**Student:** 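Questions regarding the structure given below will be posed in turn.
Counting starts at 1 for both ligands and their atoms, in listed order. In this text, all values refer to a predicted model and were calculated from it rather than measured experimentally.
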Amino acid sequence: MHFEKTSLFLIAASTVLAVVVSKNVGDYIWDITQYQAGLSHGNPADPTTSWYRFTVSGSIYGSIESESYIPAFEALCTGSGAEFPLSSDYSNCAMDSTPGELAVSVSARIVPYVDNTQAHIAINYVFTTADGARNYTATAVTDWARLRAPYNFTLSPSEVP
Ligand SMILES: *[C@@H]1O[C@H](CO)[C@@H](O)[C@H](O)[C@H]1NC(C)=O
Ligand SMILES: *[C@@H]1O[C@H](CO)[C@@H](O)[C@H](O)[C@H]1NC(C)=O
């Protein structure tokens with residue numbers, strides 16, 4: 001019993017490590033909360049569709065006059081994927097009603113990956129500055145939930161050039 005608990009803990013810890021993107025912007029992070037990504041049948045050998053639901057948010061980063069400034073945002077992302085490997089186009093997330101004044105849109109998609117053993121979900125955040133649109137992205141790599149309750153983790157987004 002004790003051994004099983006330890007193993008589960010190690011699996012959970014390695015899942016969180018796997019989602020950390022190495023190329024990031026200083027200490028800027030996004031909070032992913034109430035995250036769920038699942039297969040329609042709960043059977044990884046025979047998936048037909050997949051779905052996700054989570055909230056993503058980022059606090060203000062940098063001061064408003066600085067080049068590194070990133071406005072705050074929060075959005076609820078829901079969507080579904082199909083085909084083999086599972087994939088979807090970007091679909092808009094529902095922005096919180098009071099995002100930072102420069103925040104434009106948040107969207108997410110299921111990125112096809114060699115097989116369906118894990119969920120690869122890309123998240124995009126676009127906002128405007130005096131110099132034009134800027135676009136940050138991060139990809140969550142997680143196990144497809146089976147009976148797992150919604151959970152929280154952080155991602156380190158990087159800027160799309
Ligand atoms: C943001 O970057 C992603 C990934 O490269 C791209 O698919 C998307 O079209 C970009 N969005 C905007 C508004 O530039
Ligand atoms: C995840 O974060 C939300 C919002 O902060 C919180 O209500 C919830 O209890 C957290 N869930 C877990 C599993 O820690």
**Student:** So, for F127 and F73, is the gap between ring centers shorter than 6.0 Å?
**Tutor:**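 No - the distance between ring centres of F127 and F73 does not fall below the 6.0 Å cut-off.
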**Student:** Answer yes or no: does an N/O atom from Y151 fall short of 3.5 Å to an N/O atom of ligand 2?
**Tutor:**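 For ligand 2, there is no N or O atom that lies under 3.5 Å from one belonging to Y151.
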**Student:** For R53, does the CZ atom sit with more than 12 other heavy atoms under 6.0 Å from it, leaving out its own atoms?
**Tutor:**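 Counting other residues, nucleotides and ligands, CZ of R53 stays at 12 neighbours or fewer.
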**Student:** May I ask you to identify the nearest protein heavy atom to atom 6 (C) of ligand 2, giving residue, atom name and distance to one decimal place in Å?
**Tutor:**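 Result for atom 6 (C) of ligand 2: N152 ND2, 4.2 Å.
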**Student:** Among protein heavy atoms, which sits nearest to atom 3 (C) of ligand 1, and what does the distance come to when rounded to 0.1 Å?
**Tutor:**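 Minimum-distance protein heavy atom for atom 3 (C) of ligand 1 reads N124 OD1, 3.3 Å.
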**Student:** Hey, is the main chain of V111 close enough, under 3.5 Å, to the side chain of S87 for a donor-acceptor pair?
**Tutor:**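 No, because the side chain of S87 does not come within donor-acceptor range (under 3.5 Å) of the backbone of V111.
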**Student:** For atom 11 (N) of ligand 1, what's the nearest protein heavy-atom neighbour? Residue, atom name and distance, please.
**Tutor:**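 That would be N135 ND2, 2.9 Å.
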**Student:** Could you check atom 4 (C) of ligand 2 against the protein and tell me its nearest heavy-atom contact, residue, atom and distance included?
**Tutor:**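 Result for atom 4 (C) of ligand 2: T33 CG2, 4.4 Å.
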**Student:** Could you tell me whether Y69 atom OH has more than 12 heavy atoms of other residues or ligands within 6.0 Å of it?
**Tutor:**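 Yes - once you tally the heavy atoms of other residues, nucleotides and ligands closer than 6.0 Å, there are more than 12.
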**Student:** What protein heavy atom lies closest to atom 7 (O) of ligand 2? Include the residue and the distance to one decimal.
**Tutor:**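 Ranked first by proximity to atom 7 (O) of ligand 2 is Q34 OE1, 4.8 Å.
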**Student:** Evaluate the side-chain proximity of L76 to C93: yes if any heavy-atom separation is below 4.5 Å, no if none is.
**Tutor:**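 No, every pair of side-chain atoms sits at 4.5 Å or beyond.
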**Student:** In terms of atom number and element, which parts of ligand 1 are under 4.0 angstrom from non-hydrogen atoms of V126?
**Tutor:**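 Atoms satisfying the 4.0 Å criterion: 13 (C).
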**Student:** Verify the distance criterion only: is there a donor paired with an acceptor across the side chains of N152 and D31 at less than 3.5 Å?
**Tutor:**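 Side chains of N152 and D31: no pair found under 3.5 Å.
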**Student:** Quick one: do F54 and M95 end up in the same hydrophobic cluster if we chain Ile, Leu, Val, Met, Phe, Trp and Tyr together by side-chain heavy atoms under 4.5 Å apart?
**Tutor:**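 Yes.
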**Student:** What residue and heavy atom of the protein are closest to atom 13 (C) of ligand 2, and at what distance?
**Tutor:**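 It is P150 O, 4.0 Å.
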**Student:** Where is the nearest protein heavy atom to atom 5 (O) of ligand 1: which residue, which atom, and how far?
**Tutor:**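 Of every protein heavy atom, V160 CG1, 3.6 Å lies nearest to atom 5 (O) of ligand 1.
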**Student:** Can you confirm whether something in the protein, heavy atoms only, sits under 4.0 Å from atom 9 (O) of ligand 1?
**Tutor:**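 So atom 9 (O) of ligand 1 lacks protein heavy-atom neighbours under 4.0 Å.
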**Student:** Report, in ascending order of atom number, the atoms of ligand 1 lying under 4.0 Å from any heavy atom of Y90.
**Tutor:**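 Counting atoms of ligand 1 from 1, those under 4.0 Å from Y90 are 7 (O).
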**Student:** Does the separation of the ring centres of Y61 and W30 fall below 6.0 angstrom?
**Tutor:**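 Centroid distance Y61-W30: not below 6.0 Å, so no.
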